[in-house]
Number of protein chains: 2
Amino acid sequence: MRADAKRNYDRIVEAARELFREQGYDASLDEVAKRAGVGPGTLYRHFPKRENLIDAILQSWMDKVTDAADKALAFEGDDRALLLNWFEEYVRLISQHKGGPAKITRAMGDPESPIMTKCQVLAGANARVIDRLREDGALRDDVETLQVCRLVGGIATVADQSDLDPTAVRPMLEVVVDGLLT
Amino acid sequence: MRADAKRNYDRIVEAARELFREQGYDASLDEVAKRAGVGPGTLYRHFPKRENLIDAILQSWMDKVTDAADKALAFEGDDRALLLNWFEEYVRLISQHKGGPAKITRAMGDPESPIMTKCQVLAGANARVIDRLREDGALRDDVETLQVCRLVGGIATVADQSDLDPTAVRPMLEVVVDGLLT
DNA sequence: TTGATAACCGGAGACAGTCTCCGTATCGTT
DNA sequence: AACGATACGGAGACTGTCTCCGGTTATCAA
C-alpha cells in the first residue's frame, strides 16, 4: 500500500469514527469524505460498502469485547447476576453508535456482511459465557448461543430505535435471563 | 372532501398496500404515486409523511388485532401455551410487511407518530392478555405491558431484518414466556 | 537525478428518493 | 354558465449513493 493511500485510509477511518459517533451509522458517507479532506471516489475505493468502513472502525472494538467477556467470567456471584451483568455489557458494547444494534445483530447471520468476522468475535465471547453456565447446569438445555445473541440484540435494537435509557432495558434483560436459567 | 380527492386518496392507499406488500414499508413513495396514477404532489398532500400512509393501510388491521386477542383469551389450555400462542400471533400481526416490526414497535412510545393510535390498539390487545394472566397469578408481579410489547417486538424486529422463519422465532418466544411466568 | 509506470486522487455527474411550489384543471354551487 | 374553492401534477430543488476517468503522485530502476 502506497504511503499516501495509507494516509488517506487512516484519515477516512478517523473522520468516520467521529461522524458516526455524532450521528450514528447512517451518517452521510460524502460528509465523511469531506471531513477527511478526500473526494468521494477515494472513500469508495477504500471502502466499497458502508459496512467496510464500519468494519475498520470496529477493529479496536474486538479487544473490548473479549475483555468484557473475561470480566464477566471472573465475576464472583450467582449465575443470575453474572448473566445479567454480561447482557448489560453486551447491550452497551453494541449500542455505542446509533444504528449499531440492528446492524451488528443482522450481520451476525449474514455471510455476505463485511463485518461478519467482527460479529463472530462477539458471538464467541457470548458463547464463552453461555457455555460456562451450561457446564454449571444452570441453563436450560436447549438454548443456542446465536439465539441468545438475537434475543439480547433485539432488546438493544428496540432500545436504540426508541431512545430508551439503560434503566428501561434492565427489566427486559431480567425477563430473558429468568427465561434462560433453569 | 371533494369527489376526485377521495377517489385519488383511495387509489393511493390501494397502490401503497400493494407495493408495501411486495417491497415492504421502505418502498419508494414516488413509485406508489406512479402506480396510483397520480403526481407526487397529490400523494404528499394527502399523506405528508410515510407513516400517514401506513396509518391508512393499518385501518382494517385493527380489527384483526382485536380478533386475535379475543381468540387468544378464548384459548383452552394452560397459561404457558396461551401466552406462547398469543406472542406468535403478535409477531405475525406486526410482521405482515417487511419493516413493520421496527416501525410499529418504535411508534409504540412515540406520541408524534401518526400510527400511534393504531399501536395503542395493539398495546391494548396485549394488555388484555397480560392482565388476564396477571389476575390468574400466573405472571411475575413486576411486568409492564409496554415492556412485553418491546420484548416481543424486538424479537420480531431481528427476525424481520435477518429473514428468519417462524421456526427460528418460536424458541426465542419460549424464553420470554418462561421468563414472564412465575 | 531522472524518467517510466503503476497506483492513487478527486470531483463532476449519473442516478434514485424525498418533498415543494405553483400554474392549471376540476368540482360543486349559485 | 360562471365563479370561487379545492385539488391536481409535474418540474425541479435537495440530499445521499456511487462511478468514471483525466490528471497527479509515489516509487523504483537505471
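Chain letters run A, B, ... following the sequence lines, proteins first, then strands; residues in each count from 1.
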Engineer: Base, backbone or nothing for each nucleotide of nucleotides 24-30 of chain D, written B, S, -, heavy atoms under 4.0 angstrom, 5' to 3'?
Structural biologist: -BSS---

Engineer: Are B:D55 and B:R50 within salt-bridge range, i.e. N to O under 4.0 Å?
Structural biologist: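 Looking at B:R50 together with B:D55, the answer is no, because their closest N to O distance does not fall below 4.0 Å.
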
Engineer: Given atom CG of B:D26 and atom C1' of C:dT18, what is their separation to the nearest angstrom?
Structural biologist: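 Rounded to whole Å, this separation is 13 Å.
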
Engineer: Rounded to the Å, how far apart are A:E31 CD and D:dC14 P?
Structural biologist: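 Taking CD of A:E31 and P of D:dC14, I get 17 Å after rounding.
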
Engineer: Send over the distance from A:R35 CZ to C:dG10 P, rounded to a whole Å.
Structural biologist: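 Interatomic distance, CZ of A:R35 to P of C:dG10: 18 Å.
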
Engineer: Could you state the atom-to-atom distance from NE2 of A:H46 to P of C:dC8 in whole Å?
Structural biologist: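 It works out to 7 Å between those atoms.
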
Engineer: Does A:R92 come within less than 4.0 Å of A:E89, counting only side-chain N to carboxylate O?
Structural biologist: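 Yes, charged N to carboxylate O under 4.0 Å.
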
Engineer: Could you tell me how far apart B:L53 (CG) and C:dT18 (P) are, to the nearest whole angstrom?
Structural biologist: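 Going from CG in B:L53 over to P in C:dT18 covers 11 Å.
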
Engineer: Between A:R2 and A:D4, is there a salt bridge with N-O shorter than 4.0 Å?
Structural biologist: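 Yes, this pair counts.
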
Engineer: Given the rule in the salt bridge (charged side-chain N to carboxylate O under 4.0 Å, His left out) test, do B:D10 and B:K6 qualify, once you have shown the distances and angles that lead to the verdict?
Structural biologist: CA-CA 6 Å; B:D10 291 340; B:K6 171 156 176 47; 3.0 Å; yes

Engineer: Would you say B:S28 reaches C:dA16's phosphate, i.e. side-chain N/O to OP1/OP2 under 4.0 Å?
Structural biologist: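 Answer no for this pair, as no side-chain N or O of B:S28 is under 4.0 Å from OP1 or OP2.
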
Engineer: Would you mind checking if B:K34 and B:D30 are paired as a salt bridge, meaning a charged N to carboxylate O distance below 4.0 Å?
Structural biologist: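 B:K34 and B:D30: not salt-bridged.
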
Engineer: Strictly below 4.0 Å, N to O, side chains only: are B:R140 and A:D178 in salt-bridge contact?
Structural biologist: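 Yes, charged N to carboxylate O under 4.0 Å.
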
Engineer: Could you tell me whether the side chain of B:D136 and the main chain of B:A138 form a donor-acceptor pair under 3.5 Å?
Structural biologist: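 Looks like no, no N/O pair under 3.5 Å.
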
Engineer: Between A:D141 and A:R134, is the closest basic N to carboxylate O distance under 4.0 Å?
Structural biologist: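 So A:R134 does not pair with A:D141 through a salt bridge.
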
Engineer: Tell me, with the steps shown, if B:D26 and B:K103 meet salt bridge (charged side-chain N to carboxylate O under 4.0 Å, His left out).
Structural biologist: CA-CA 10 Å; B:D26 291 330; B:K103 216 137 222 153; 3.8 Å; yes

Engineer: Show, in sequence, the C-alpha distance, side-chain angles and deciding distance for A:R35 and A:E22, and conclude whether the salt bridge (charged side-chain N to carboxylate O under 4.0 Å, His left out) test is met.
Structural biologist: CA-CA 13 Å; A:R35 284 213 194 182; A:E22 291 172 19; 3.0 Å; yes

Engineer: Which protein N or O atoms sit under 3.5 Å from an N or O of nucleotides 18-22 of chain D?
Structural biologist:
from   : atom 1 : to    : atom 2 : distance (Å)
D:dC18 : N4     : A:D30 : OD2    : 3.4

Engineer: What I want to check is whether the side chains of B:H46 and B:Y9 have a donor and an acceptor closer together than 3.5 Å.
Structural biologist: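 No, no side-chain donor-acceptor pair sits under 3.5 Å.
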
Engineer: Quick one: B:F47 CZ to C:dG17 C1', roughly how many Å, whole number?
Structural biologist: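 B:F47 atom CZ is separated from C:dG17 atom C1' by 19 Å.
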
Engineer: Short of 4.0 Å, heavy atom to strand atom, which residues of residues 8-20 of chain A count as contacting DNA chain D?
Structural biologist: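 By residue number: none to list.
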
